[in-house]
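Below: one structure, written as structure tokens.
This is a predicted model, so every value here is computed, not measured. In this chain, numbering begins with 1 at the start of the sequence shown. Just so it is clear, the values below take in all heavy atoms, side chains as well, and ignore hydrogens, waters and symmetry mates.
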Amino acid sequence: MHSTLRDILAVLGGALALSGCSSPALVSAPLSQPRAIALDKSGAVYAGNIGHSIVVRISHDASGKTNTAIFAGDESQIGSNDGQGTSARFQGPIGLALDDAGNVYVADSDNHLIRKISPTGMVTTLAGKAVVPGYADGTGPDARFDDPTNVAVDHDGNVYVSDNHNQVVRKISPAGIVTTFAGLAGQAGNADGQGALARFDGPRGIAVDRAGNVYVAAQTSSTIRKITPDGWVTTLAGQPGKTGGADGPGASATFNVPRSLTVDAAGNVLVADTDNNTIRKITPEGIVSTLAGLAGQAGAVDGQGPSARFKGPRGVAVDGEGNIYVADSDNDAIRLISPTGMVTTLARAPGK
């Protein structure tokens with residue numbers, strides 16, 4: 001097996017357990033700041049390897065045998081070519097999401113593109129123009145993005161994009177028509193309101209719930225925002241510009257550079273609160289609590305809830321049983337938080 005794939009397999013080893021399969025053996029291999037990960041309905045894992053600009057697919061059979069392959073891209077070459085599998089090229093595939101049909105959407109950040117990979121590995125460019133940052137709504141190649149950092153997909157096939165440097169959230173219809181869902185391009189801020197009246201400051205993590213509400217982790221303002229299907233933006237939790245680790249209702253809670261979030265089956269928003277080194281939970285009513293880790297305390301300790309330690313968690317995912325999967329980036333490790341709050345390490349770089 002190629003060393004790059006071994007690295008990613010180590011990063012993702014625990015994710016196979018989250019899909020409902022028996023736990024695999026830990027893989028002893030170097031990890032390098034694992035980040036975004038997505039799972040499909042079969043339990044296969046897709047990862048964007050930023051350093052090598054590839055998308056990897058890891059699957060397993062009934063016997064537990066793991067099959068790892070480059071799903072799309074070439075680790076030795078960057079670019080923006082569309083094509084089948086390894087004939088395609090990426091440059092900074094940082095955000096991933098899957099739709100109900102198994103298509104993988106990629107925020108190809110350094111190319112300023114949104115890409116789509118079919119279940120058979122055919123890569124196409126859904127929207128944007130390669131290596132041309134900017135801001136423009138339009139269809140397909142007529143649209144422009146500036147450092148798209150993450151994507152989410154609703155059940156109707158609409159793709160939502162955190163367009164980081166433009167300070168807006170974009171929406172791409174199944175036909176490839178790009179519109180600005182919320183915010184005003186080039187205007188940073190924290191104002192609530194509908195559509196273009198709202199402001200964002202560093203939109204990064206993005207997720208969508210079953211009702212079509214979109215959640216955004218605004219890393220610069222350290223807030224979590226909620227956008228209803230008709231474009232109304234409110235601040236779900238956090239105080240704009242005030243960092244901290246306080247739990248509590250809505251505006252009384254504080255975060256410290258949250259970079260990723262996801263939504264569980266009950267509608268709770270789970271947040272990788274990166275600079276606090278914690279994993280937080282926001283109920284649908286806006287009550288914030290700390291699930292694991294202790295604010296301001298970095299480390300690499302397994303244990304129950306606040307006795308556990310993380311260091312720079314940047315990615316978070318959740319399965320149907322409520323297990324939370326954390327890319328503990330600065331520890332070069334993958335951690336698992338059980339529904340009871342017990343944190344364990346699924347994979348870690350040697351010597352960490």
Side-chain angles (χ1 to χ4, degrees), residues 6-19 21-37 39 45 47 204-205 217 219 222 224 237-238 243-248 253-262 264 268-283 287-319 321-352:
R6 285 201 303 268
D7 293 352
I8 297 173
L9 178 56
V11 172
L12 298 174
L16 301 179
L18 296 186
S19 69
C21 295
S22 59
S23 298
L26 297 185
V27 179
S28 178
L31 302 179
S32 181
Q33 295 191 331
R35 297 192 181 188
I37 291 171
L39 302 172
V45 179
R204 193 171 182 94
Q219 65 173 9
S222 288
I224 307 302
T243 59
D247 290 334
T254 51
F255 297 85
N256 195 358
V257 191
R259 285 195 172 100
S260 180
L261 47 72
T262 190
D264 69 15
N268 299 298
V269 179
L270 309 171
V271 182
D273 196 5
T274 304
D275 285 9
N276 270 330
N277 301 302
T278 56
I279 305 302
R280 315 287 293 278
K281 174 183 174 180
I282 311 172
T283 67
I287 307 299
V288 180
S289 59
T290 300
L291 288 179
L294 187 63
Q297 299 294 314
V301 180
D302 289 342
Q304 184 71 34
S307 67
R309 296 291 181 270
F310 301 87
K311 189 176 182 182
R314 285 177 170 82
V316 62
V318 63
D319 70 10
E321 298 177 354
N323 297 294
I324 301 167
Y325 177 67
V326 180
D328 194 9
S329 295
D330 294 343
N331 275 325
D332 293 335
I334 301 302
R335 318 288 291 280
L336 174 66
I337 309 174
S338 74
T340 63
M342 178 59 68
V343 179
T344 55
T345 298
L346 296 175
R348 175 181 291 159
K352 285 285 187 175

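- With hydrogens and angles ignored, the 3.5 Å screen pairs no side-chain donor or acceptor of Asn276 with any backbone N or O of Leu294.
- Across Gly245 and Ala295, no two heavy atoms sit closer than the pair CA-CB, 4.1 Å.
- Between Ile224 and Ile282, some side-chain heavy-atom pair lies under the 4.5 Å cut-off.
- Atoms CG and OG1, on Asp247 and Thr278 in that order, are 8.0 Å from each other to the nearest 0.5 Å.
- Val288 has its side chain out of reach of Lys281: every pair of non-hydrogen atoms, C-beta onward, lies at least 4.5 Å apart.
- Between atom CG of residue Leu336 and atom OG1 of residue Thr344 there is a gap of 4.5 Å, rounded to the nearest 0.5 Å.
- Here the CG-CG distance, from Leu270 to Leu291, works out to 6.5 Å after rounding to the nearest 0.5 Å.
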Derivation and outcome, side-chain contact (heavy atoms from CB on, under 4.5 Å), residues Phe310 and Val301:
CA-CA 7 Å; Phe310 301 87; Val301 180; over 6 Å; no
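- For Arg259 and Asp273, the salt-bridge test fails: no basic side-chain N is under 4.0 Å from an acidic carboxylate O.
- Nearest approach of Pro339 to Asn323, heavy atoms of both residues: CD-OD1, 3.2 Å.
- Applying the side-chain hydrogen bond (donor to acceptor under 3.5 Å, both in side chains) test to Asp264 and every residue at least two apart in sequence or in another chain returns Asn268.
- Across all their heavy atoms, Ile337 and Ala292 have their closest contact at CD1-CB, 3.8 Å.
- Judged as a side-chain hydrogen bond (donor to acceptor under 3.5 Å, both in side chains), and not counting sequence neighbours, Asp275 has no contacts.
- Residue Ile279 holds its CD1 atom at 8.0 Å from OG1 of Thr274, rounded to the nearest 0.5 Å.
- Taken to the nearest 0.5 Å, the CG atom of Asn277 stands 8.5 Å off from the CD atom of Gln297.
- The shortest side-chain heavy-atom distance between Ser222 and Pro258 falls under the 4.5 Å cut-off.
- Under a 3.5 Å cut-off, the side chain of Asp319 and the backbone N or O of Gly322 do form a donor-acceptor pair.
- The two residues Ala272 and Arg314 come nearest to each other via the heavy atoms CB-C, 4.3 Å.
- Counting heavy atoms from C-beta outward, Ile324 and Val326 have side chains that approach closer than 4.5 Å.
- The backbone N or O of Thr340 lies less than 3.5 Å from a partner atom in the side chain of Gln304, making a donor-acceptor pair.
- Using a 3.5 Å distance cut-off with no hydrogens or angles, the side chains of Thr345 and Arg335 do pair a donor with an acceptor.
- Of the N and O atoms on the side chains of Thr290 and Arg280, at least one donor lies less than 3.5 Å from an acceptor on the other residue.
- Side-chain atoms of Val271 and Ser260, non-hydrogen and from C-beta on, never get closer than 4.5 Å to each other.
- No donor-acceptor distance shorter than 3.5 angstrom exists from the side chain of Ser329 to the backbone of Pro313, with no hydrogens or angles considered.
- Here Ser307 pairs with nothing under the side-chain hydrogen bond (donor to acceptor under 3.5 Å, both in side chains) rule; sequence neighbours left out.
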